[in-house]
Every structure is written in C-alpha cells, then in structure tokens.
Trainee: 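Got a structure for you, written out below as structure tokens; questions coming shortly.
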Amino acid sequence: MPAAAPLISSVQKLVLYETRARYFLVGSNPAETKYRVLKIDRTEPKDLVIIDDKHVYTQQEVRELLGRLDLGNRTKIGQKGSSGLSRAVSAFGVVGFVRFLEGYYIVLITKRRKMADIGGHAIYKIEDTNMIYIPNDSVRVTHPDEASYSYDLSHSLQYNLTVLRMPLETLKTETIQTRQESFDIFEDEGLSTQGGSGVFGICSKPYEKYVWNGKLLEAVKNTVHRDWLLYIIHGFCGQSKLLIYGRPIYVTLIARRSSKFAGTRFLKRGANCEGDVANEVETEQILYDASVMSFSAGSYSSYVQVRGSVPLYWSQDISTMMPKPPITLDQADPFAHVAALHFDQMLQRFGSPIIILNLVKEREKRKHERILSEELVAAVTYLNQFLPPEHAIIYIPWDMAKYTKSKLCNVLDRLNVIAESVVKKTGFFVNRPDSYCSILRPDEKWNELGGYVVSTGRLQTGVLRTNCVDCLDRTNTAQFMVGKCALAYQLYSLGLIDKPNLQFDTDAVRLFEELYEDHGDTLSLQYGGSQLVHRVKTYRKIAPWTQHSKDIMQTLSRYYSNAFSDADRQDSINLFLGVFKPTEGKPHLWELPTDFYLHHKNTLSLSQTRRSYTYWWTAGVLKHLPLPFDEVTCAENRRKLTVKKFHKYEEEIDIHNEFFRPYELSSFDETFCLAMTNSTRDFMPKNVGIDPSPFTVRKPDETGKSVLGNKSNREETVLQRKTAASAPPPPSEEAVSSSSEDDSGTDKEDEGAVSQRSTPVKVTDTGDNTKITENVVQSTKDVYGVNLSDVPSEDDLTIYTRFVQLGQSQYKQDKSSQQFCSKHHLERVINLDTRLWP
C-alpha cells in the first residue's frame, strides 16, 4: 500500500432541490454512501449567502432531511397536492457562481463525457452547463473544458507524482500542523500519526494560471468544504491506446490554456504588464503502461512544452480589414521588464534551461514579423547577462516559412535535429529507474540525455517555448516533431523499443500525429476561429490534392471569425474570467471602446514596489536551479498542500473503487478503454502478415481498412522494417547549429537535406524465398545485444544433462501412473457391465 495517495472528491453527483426561500444542493459520492448538503438563500437580491454545515450524511439521514423539508414547506400542513420541495436539476459539479447587474447565478455541469484515464483517475470533458438564477421572483428586480474529481489537471504529472513521494516525516509534520490550524478539513480520523495502517491523502493547491473558474468559486471557496470545489481547465484532452503485441500503452495529450491575458487572435497579442502572454498553452504528453494503473507501482512518463505569443508589448490593428495587419510595438521596454516577468514565471515552474524556438520570418522585403525577432533577441541578450552561464536562456531562431517554400529542403528534417538537441538538454520525466535492458544494450543518445536523475527515475528540468506570430500552424508542427522525439525516449525508458528512434508511417507515429492534429485544431478554433490551415502532411508534402481547397476554406473561415465574431467572443471571455465586473452606473461591457485597461492593471494604479532591472528573478529560484522552485520541498510549497490521514480502505483514497465502480451496472459497449482510439483497430492493416508491430513502417496509403494479404506484400513489410531499423541517424547537433546560423543571415537554400519521409522501398519479385529467409533471421548480437558462445562449457552441459534426466524420469513416472489409473478405471467399467448384463 502506498504511503501517500491523491484525495478523491466525495461530491461527484449533485441534485438541486428548491423551495420558495432556499436552494438545497445535495452532493454524493458515486456509491451514494456519503452525502453533503449546501443551503443557498434565495431571499437576498444581490448577495450570495451559502451555509455549509460540513457534516457527512448517510443515505437514510438525507432522505429524512428532505422529507422534513418537503413537509415543512408545504403551503398547508398535510396538503398532498402541492409539494413544498421540488427537484430542480441533476448535475455532476459546480462550475461556480457569477453575478451580473442583479443577483447571483449558479452554474452547474449537466453533461459530461469521459476523455482520458491517468492511473485510474478519470478526466471528463464538460459538454453542457445550466445557469440557474438564485433569487426568487419576489425579490427579483425587473464551452470545451476539462475537469477531474481526483487528479489535479492544473499541474503536470511530474509535479503530482513528486508531491506523492514526499518524505514520510514531512507528511506527518504537515498532518499535525494542519490539524491544529483547522477544525474541518483536517479533522481527526481516529488514526495515530505514528505508524499504523493509515495512508496520507494529499491535495495540492491548483495552479491559478490554468484554472478558468477560479473567479467563479472565489465567493465560496473559504466557506464550503473543499469537496464542493471542482477546478476546471480550458484547452484539450485526448487519449489513445497503443497496443504493443497486446500490451496496452496509453498515450495522453493534455493542453492547458492560460486564463491570464486570454482572448482571441488579433485582440490579444504580446504580453500584459504582469508577464502573462496571449495564447499561452502548456502541452503535456503522458505515456504509461495501462496494465498497472497505480501511481506507486506503475510506469509513468511525461514531457511538457509551452507555446505563447512573443513576450513584448505589441499588437495588430484589425480596423483596416487587412488579412495581415501591420505589427506595432506599443511601448518601449529597454530593460525587458515584461520579458523578465514572463521568464521568471517559467523558471519557477519548469527550472532551467528555458529554450526559445522562434519560428517567425527572418528575411522580408518589408519589415513585418522580423520586428518581433529583433526585439526578442535584444530582450534575451539583456536578461542573459545577469544569469549564470549554465542557466542562461537559449535562443534558437529558425525561419520555418522560408524552408517550407524550398523544394530542395525538408522542413521536418531540420525540426527533427532541433528536437533531438532540445530533448537532450531538458530530459523528460519518468517515475522508475533506468531499465536493465538500457544498461545491457546502452545507446549513445541515451547517455547524452539531460534532465535530473534521481533514485526513483528522471525529472524534466527546463522547457521548450515555441512561438511564431499566431502560435498555431507552424508552432503545432514544431511541437509535434519535438513530441515525437520525446515519445521515442519515453518508450525506450519503459523498455518498449530497443532504440530511442521512431520512423514516420508507423502505427505509433500515425496515432500520435492524429492526437496532435486534434490538439492543434482545438486550440486553433479557440484562439483563431478556424481549424489548422497547415498540417504535418502539408510540411511533409504528401497532403492529398483536396487539402489545398480545404486550406483555402479554413483561411476564409479564420478571416471571417477574426473580423466579425471575435469581439463578442472576447467580451464573453472577459466576463467569464471575472476580468470585467458589471457595476451599476458604469458603462456596459459592449460599450467599452477597449479592454486594454482591464488586462493591464498598471493603467489603473501604480505598483508600490519596483522590481530590480538586474536581479529580475524571484528570490530563491536560482538557488535550486536546474530544478523548478515549485517542486522543491520547502516551507512555502508545503503550505500549498492539504494533508490528511485515512484508513487504507477509505473511499477518499481508494482508486480501485473510483475506477472500477463495482456498485454500478456496466456494459462493454460503455467501457471507455474499449471505445478509445486503438492502434491495432484503427491504424494497423487488417492483415499484417508476419509483423504486427506498431513500429513497423507501412505504406503511406495503408490504413486500418487496407489489406496486406499476398505473399509479396508480407515480404515487402519485413524488408521495410529492416530498412527502418537500419536507417541512418539524423545529422549531428553541430550541423544544425551551424546551419541555423546560416539560415538567419542568408537566403541560400540547403540542397543536401536528407528526407525523413519514410518512403517504402519497392521490392522486385525475384522468386527466391531463401534470400528473404536469410534477411529475416538475425544474429544473437542484433537481437539480444550480446554474443552467445557457440559451445557451452562442460559444467553447464553436465547441469543441463542432469535436469533433462530428471525431467524424463518424471515424465515416465507420470505417464505410467496415468496408464495404471486408466487401466484400473477400465476394469471397473467392465465389472459393472458384467453385473448389469448377466
């Protein structure tokens, strides 16, 4: 049993009952064995009055309570015709409470859909909500989001598992301290903090930047029990199953969109005065073995990267109705103040190094995107002179648009080399030590991997920050290539592949590419108003001819959305996030000429403290680098945790009951793990011959519906796999660094780029099957990584002969006893027949 486990919310089903004077919100756990009740006053026209008795009810107690409320609120005692308590709506959670010009509304989740499982912790997509006005008539004056009841989506997997592995002594100290500070959340469970069979339940404070209903819960979070608080992220969540010879590996992609300086494409550019940038999204890919779902015993790995607008004061004026409005620098920032605030946040959350991949254009006839590059280079150069050299910000400029237009250069080759160098510097997270197979068969690339190695595995230190102008099409392709490179290292660390390298046109990469395209389409719709215009296939130059017309339609859709509907969407975002608060006597939201002052607080009041221009980072951050300050065990971070001790069979920490739901009737048709995208069912050809591996290179036109039936195709598949395994390695880091420098200063095209599009080699029919057999059989060195001696030693032969003789004698004995039993049984049957037939 683990020493610590995530706390599971006991409020997952809600029913709202109403009387004339009050609302009663009854919440229960999935098994309906524990209940909590909230009382909401309806007689206050503008104030929110909520009473939480913080008592845990049983099912019988709740029935009695509702019966008394029904009887006491009838208009006449004993009247049966009209009920005093009516059921208003059923729900799955509370989004929050919002107030406009009059009274408060309660926002409830009425429809959800399961999107992913991470170690048995379910992640749901909110598909529908219901907003109910709280005050009654007598006092009235005339959406894709994700949530989880037990897994903190606002933090990365590395943070969540690092918290669970805190030392026991620290957990015991936190339990004692918090029990003294609070009488409810940390109530005594009757368990001794010293020893026993208890388990520490841990709940961490959410990371506010990625929580979208924080303002809606602000009015009640200090009043109600924490089980009522359901924190929601906005972005994307997708999960697919990679089957490796029947072994289920779940690949999960989670995108967290920042709620700070949030908005639409042309209305939110650059950064605000607090260092929050527009279109900032943290993308995390999680890989784990689904055959063991426990956080303590399972194998988990993750990699995080970030996208976001260039951290400067800049904007684009859309009033000219131009497809590409001119870029304007709004404020001079000679000391890179806003960039310093932004990178300070990243150092606290991710550690070092911070790597910037800038994809904007470097060469233009008229200055447009290059304005941003020049200012960003100046800001990074200024900030780096105060940082220690080993923790300096790494800046990589690469004009992706220029190389896309070239017919001689392959964009993805260059991106692959950049991805290799980035992943080697940052490393990735894995919760288990290096496997023995990597020690037995060491790989050169694995030995060069960076990050932070601990006794329990590896930690990612630092992060890649990718940007173009919009952070949509080019950024999504670059992030896919980095994610593909990291995925190879993750699979290798779990002992699933023999080399940290993945080829295109394999089932695994196709599955991952589909996840990233869905991820890019969703983020592009949220920020730009249309789906992706340029996809991975576009940059591989294998997109079908019909894709060009689709790209034109997406471009028109994006232009229409930016010109006509983005203003209304921006107003909705400002209202939902609490950036704008309606007030009587002041202009309405739609009457404001601009929302600039709403997002830039220094326009309303001057800050009392001024940050240093040289020591621009938060105190204490440099001391722990390259580790992120947020994951270091210190007093400041411990205050963000809720620690409580439970018996090991309590429902609040029992992930087995939470996942399998033994008290509910379930069917295979509704099982999530069978309905999710499957590499074998959706990507692998129906007849794969002799090689069903998801790492085999297929033909580009093969899908799950294609057939690989005849003999020549089987032989071709085998040779394709051998071709992929013996493919030459990508160019070295020195080559890409020198070429990157050339890219920024000249318009010459590189003509010697090696294409990474895995085009299968056509095999001619020779009719000689012996050659194929010789190619299939591999040496023991290729298979196992070691050479086996041809002749065993005499001692080994003696031991082997002895075991063979023992086995033969045991076999003879078993066979003779079996014959004796069958003969004895036959004699009994004959005797019985003789008695029946005299």
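This one's a predicted model, so the numbers in the text were calculated from it and none came from an experiment. Heads up: numbering here begins at 1 and tracks the sequence.
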Trainee: Given the rule in the side chain to side chain donor-acceptor pair (under 3.5 Å) test, do E658 and Q12 qualify, once you have shown the distances and angles that lead to the verdict?
Mentor: CA-CA 11 Å; E658 172 70 14; Q12 300 188 26; 3.2 Å; yes
Trainee: Donor-acceptor check, side chain of E284 to backbone of V304, threshold 3.5 angstrom: yes or no?
Mentor: no
Trainee: Against the six-membered ring of Y250, is K241 placed for a cation-pi contact (under 6.0 Å from the centre, within 45° of the normal)?
Mentor: no
Trainee: Would you give the length of the straight line joining atom CG of L589 to atom OG of S572, rounded to the nearest 0.5 angstrom?
Mentor: 8.0 Å
Trainee: Identify the heavy atoms of S148 and A122 that sit nearest to each other, and give their distance.
Mentor: OG-O, 2.8 Å
Trainee: Checking D70 side chain against L85 main chain: does a donor-acceptor pair fall under 3.5 Å?
Mentor: yes
Trainee: Is NZ or CZ of R349 both nearer than 6.0 Å to the six-membered ring centre of Y207 and within 45° of the ring axis?
Mentor: yes
Trainee: Mind checking the CD-CD spacing from E664 to E32? Nearest 0.5 Å is all I need.
Mentor: 8.5 Å
Trainee: Under a plain distance cut-off of 3.5 Å, with no hydrogens placed, do H225 and R36 share a side-chain donor-acceptor pair?
Mentor: yes
Trainee: Sorted by first residue and then second, give each salt bridge (charged side-chain N to carboxylate O under 4.0 Å, His left out) pair with at least one member in residues 289-304; sequence neighbours left out.
Mentor: R247-D289
Trainee: On a heavy-atom basis, which atom in A219 and which in L48 lie closest, and how many Å separate them?
Mentor: CB-CD2, 3.9 Å
Trainee: Determine, step by step, whether L161 and L157 satisfy the side chain to side chain contact (heavy atoms under 4.5 Å, CB included) criterion, reporting the C-alpha distance in whole Å, the side-chain angles of both residues, the deciding distance to 0.1 Å, and the verdict.
Mentor: CA-CA 6 Å; L161 294 193; L157 179 73; 4.0 Å; yes
Trainee: Given V163 and L641, is the side chain to side chain contact (heavy atoms under 4.5 Å, CB included) satisfied, shown in steps?
Mentor: CA-CA 9 Å; V163 166; L641 301 178; 3.8 Å; yes
Trainee: Identify which one of T33, N29, D227 satisfies the side-chain hydrogen bond (donor to acceptor under 3.5 Å, both in side chains) criterion when paired with S10.
Mentor: D227
Trainee: As an exercise, state the distance from CG of N637 to OG of S204, rounded to the nearest 0.5 Å.
Mentor: 10.5 Å
Trainee: Looking only at the aromatic ring of each residue, does the gap between the centers of Y104 and F97 stay below 6.0 angstrom?
Mentor: no
Trainee: Restricting to non-hydrogen atoms, name the atom on F580 and the atom on P587 that form the minimum distance, rounded to 0.1 Å.
Mentor: CZ-O, 3.7 Å
Trainee: Can you check whether L230's main-chain N or O pairs, donor with acceptor, with N213's side chain at less than 3.5 Å?
Mentor: yes
Trainee: Can you check whether F236 reaches I254 side chain to side chain, under 4.5 Å on heavy atoms?
Mentor: no
Trainee: Would you find a donor on one side and an acceptor on the other, under 3.5 Å apart, between the side chain of T283 and the backbone of A255?
Mentor: no
Trainee: Does any part of the side chain of S301, heavy atoms only, come nearer than 4.5 Å to the side chain of Y303, both counted from C-beta?
Mentor: no
Trainee: Please confirm whether the backbone N or O of G235 pairs with a side-chain atom of Q526, one donor and one acceptor, at under 3.5 Å?
Mentor: yes
Trainee: Where do L515 and G238 come nearest, in terms of heavy atoms and distance?
Mentor: CD2-C, 3.7 Å
Trainee: If you measure only the distance, is there a donor-acceptor pair under 3.5 Å linking the side chains of D654 and N657?
Mentor: yes
Trainee: Side chains of F200 and I653: closer than 4.5 Å at any heavy-atom pair?
Mentor: no
Trainee: In this structure, is the centre-to-centre distance between the rings of Y35 and Y57 below 6.0 Å?
Mentor: no
Trainee: Backbone N or O of I109 within a donor-acceptor pair of the N130 side chain at under 3.5 Å?
Mentor: no
Trainee: Just to verify, what does K114 make a salt bridge (Lys or Arg N to Asp or Glu O under 4.0 Å) with, not counting sequence neighbours?
Mentor: D117
Trainee: Check the surroundings of atom CZ in F668: do more than 12 heavy atoms from other residues, nucleotides or ligands lie under 6.0 Å from it?
Mentor: no
Trainee: Which atom pair, heavy atoms only, marks the closest approach of S150 to I8?
Mentor: CB-CG1, 3.8 Å
Trainee: Under 3.5 Å, side chain of E591 to main-chain N/O of H588, donor-acceptor pair present?
Mentor: yes
Trainee: Mind checking the CG-CG spacing from L14 to L25? Nearest 0.5 Å is all I need.
Mentor: 5.0 Å
Trainee: Passes side chain to side chain donor-acceptor pair (under 3.5 Å), N574 versus Q570? Steps please.
Mentor: CA-CA 6 Å; N574 290 339; Q570 184 66 58; 3.2 Å; yes
Trainee: Using every non-hydrogen atom in the two residues, find where T223 and K54 come nearest and quote the distance to one decimal.
Mentor: O-CE, 3.4 Å
Trainee: Would you say S294's side chain and S296's backbone share a donor-acceptor pair under 3.5 angstrom?
Mentor: yes
Trainee: Would the number of heavy atoms belonging to other residues, nucleotides or ligands and lying under 6.0 Å from NZ of K640 be above 12?
Mentor: yes
Trainee: Run through E651, E652, E61 and flag the one making a salt bridge (charged side-chain N to carboxylate O under 4.0 Å, His left out) with K34.
Mentor: E652
Trainee: Go through the steps to decide whether R99 and D47 satisfy the test salt bridge (Lys or Arg N to Asp or Glu O under 4.0 Å), and finish with yes or no.
Mentor: CA-CA 9 Å; R99 179 179 178 269; D47 295 330; over 6 Å; no
Trainee: Using the six-membered ring wherever Trp is involved, compare the ring planes of H121 and Y151 and label them parallel, tilted or perpendicular (cut-offs 30° and 60°).
Mentor: tilted
Trainee: Would you say I134 and I40 make side-chain contact, with heavy atoms under 4.5 Å?
Mentor: yes
Trainee: Any chance you could lay out the side chain to side chain donor-acceptor pair (under 3.5 Å) test for Q239 and T252, step after step, and finish with the verdict?
Mentor: CA-CA 4 Å; Q239 189 174 57; T252 310; 2.8 Å; yes
Trainee: Should K260 and E274 be marked as a salt bridge (Lys or Arg N to Asp or Glu O under 4.0 Å) after you check the CA-CA gap, both sets of side-chain angles, and the distance that decides it?
Mentor: CA-CA 9 Å; K260 310 293 184 182; E274 296 179 346; over 6 Å; no
Trainee: Could you tell me whether the side chain of D682 and the main chain of N678 form a donor-acceptor pair under 3.5 Å?
Mentor: yes
Trainee: Pick one: which of K268, R256, R307, K209 meets salt bridge (charged side-chain N to carboxylate O under 4.0 Å, His left out) with E280?
Mentor: K209
Trainee: Could you tell me the separation between the CZ atom of R22 and the OG1 atom of T43, rounded to the nearest 0.5 Å?
Mentor: 7.0 Å
Trainee: Ring pair (Phe, Tyr, Trp, His ring centres under 6.0 Å) with Y527: which residues, sequence neighbours excluded?
Mentor: none
Trainee: With a sphere of 6.0 Å drawn around CZ of R63, does it hold more than 12 non-hydrogen atoms of other residues, nucleotides or ligands?
Mentor: no
Trainee: Is the cationic atom of R257 (NZ for Lys, CZ for Arg) positioned less than 6.0 Å from the six-membered ring centroid of Y210 and within 45 degrees of its normal?
Mentor: no
Trainee: How far does CG of L525 sit from CD of Q531, to the nearest 0.5 angstrom?
Mentor: 5.5 Å
Trainee: Evaluate the ring planes of Y288 and Y300, with Trp represented by its six-membered ring, and classify them as parallel (under 30°), tilted (30 to 60°) or perpendicular (over 60°).
Mentor: parallel
Trainee: D630 side chain to F350 main-chain N or O, any donor-acceptor pair under 3.5 Å?
Mentor: no
